[in-house]
Amino acid sequence: MRALARMCRTRGARRWQLLASALVMMLVVSGCASEDLPMNALDPAGPVARSQDELWDLVFVIAIVVFVLVEGALVYFVIKYRDRGESTPPKQIAGNTKLEILWTLIPAVILAGVAVPTVATLFELAEKPTDNPLEVRVVGKQYWWEFEYLNEEGQQVVTSTDLHIPAGRPIYLSMQSLSATIGDPGVEALDVKTGDVNGGVIHSFWVPRLAGKQDVVPNHTRNMTIEADEPGLYEGACGEFCGLSHARMRMNIIAEEPEAFQQWLDAQAEPAAEPQEALAQEGAELFATQQCIACHAITGYEGPDGQLAEQRIGPNLTHFADRTQMAGGIIDVNEENIKRWLDNPQAVKAGAQMPRLGLDPDQINALTAYLQSLE
Ligand code: CUA
């Protein structure tokens with residue numbers, strides 16, 4: 001009997017040790033939630049994300065109160081009415097109408113209360129901003145994001161992976177999903193609401209510090225607003241499984257001072273720079289003869305036989321060397337990575353739509369020099 005009691009004591013101590021270490025672990029893990037996390041939705045960096053975060057705070061507080069009340073009552077009753085060896089069964093309350101109404105009403109009232117600010121925020125954020133928003137078209141492709149700016153003069157800038165925005169100004173996004181297999185540049189000019197475009201898959205545009213997710217659905221135009229208070233880099237990713245390289249469909253939102261942004265946009269609207277070095281000039285010719293031109297646009301490009309580069313299947317490369325990252329934001333734009341990519345895109349990013357072109361090292365060198373000249 002005494003041995004049994006000792007065993008129970010050690011078991012009890014063991015349990016407390018486990019509980020204590022679990023608590024310490026929780027503290028350690030919560031310490032990871034530092035402000036350095038680039039995709040921390042609980043660290044909002046703009047008004048849209050902030051209003052969503054405030055909503056989250058409210059719901060979280062209510063959830064905590066409910067949790068403490070329910071679990072507190074549970075623990076209290078478990079202890080107070082624990083089995084003391086008296087075998088009389090407690091009074092049964094099944095079918096008690098008053099109680100049934102009470103515990104149906106309480107959660108209903110709580111949920112209705114939460115719904116008021118939730119629905120209000122939903123409607124508020126769905127509105128197109130009235131204070132001079134910058135409109136950007138976003139196209140989800142497999143597996144990268146394309147961004148298109150249109151200004152009043154009809155000047156068009158098409159980029160990918162890096163989305164430059166002015167800080168402190170709302171950005172109103174019109175988002176569509178297109179499969180990379182659609183070849184005709186005219187197709188993308190269509191209003192996809194007509195359903196004339198198909199073959200895309202569902203992506204989800206997600207920049208946690210600027211706004212919550214918004215699904216990007218084929219044959220529909222979805223809108224959302226993002227805004228950054230301060231210049232900085234805000235990382236984003238596709239938030240909806242869209243295929244083999246879904247996890248490699250990333251993006252960089254680069255918020256700049258308005259003047260710097262305007263300078264950037266003006267520079268982007270310029271046609272591509274003429275290659276100066278012989279190697280880059282050779283690469284520019286290969287661009288036409290080695291099939292690159294069948295998928296990629298370069299504004300101002302003219303091939304050896306006068307070919308124009310206007311396709312929008314792959315990323316627009318007019319100012320490719322200006323971008324920080326390539327291949328859907330998984331590798332930096334530098335000589336080594338460009339060469340790796342040109343040699344075998346599939347080895348860098350499985351499922352990428354760019355095929356292996358069978359380029360030899362000299363061709364890769366020349367094309368790399370040309371791509372790096374596209375500033
Ligand atoms: Cu696009 Cu996941």
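What you see is a predicted model; the values in this text were computed from it and never measured. Both ligands and their constituent atoms are indexed starting at 1 by order of listing.
Using cut-offs of 30° and 60° on the angle between ring planes, the pair Tyr149 and Phe261 is tilted.
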* To do: Check step by step if side chain to side chain donor-acceptor pair (under 3.5 Å) holds for Glu235 and Asn252.
  => CA-CA 5 Å; Glu235 292 182 30; Asn252 304 304; over 6 Å; no

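No hydrogens or angles considered: nothing links the side chains of Gln307 and Glu302 as a donor-acceptor pair under 3.5 Å.
Within the sub-2.8 Å shell of atom 2 (Cu) of ligand 1, the protein contributes these N/O/S atoms: Cys238 SG, Glu240 O, Cys242 SG, His246 ND1.
Under a 4.0 Å N-O distance rule, the pair Glu375/Arg323 does not qualify as a salt bridge. A salt bridge is absent between Glu54 and Arg50: the closest approach of a Lys/Arg side-chain nitrogen to an acidic carboxylate oxygen does not fall below 4.0 angstrom.
Glu71 contributes no side-chain N or O that, together with a main-chain N or O of Val68, makes up a donor-acceptor pair within less than 3.5 Å.
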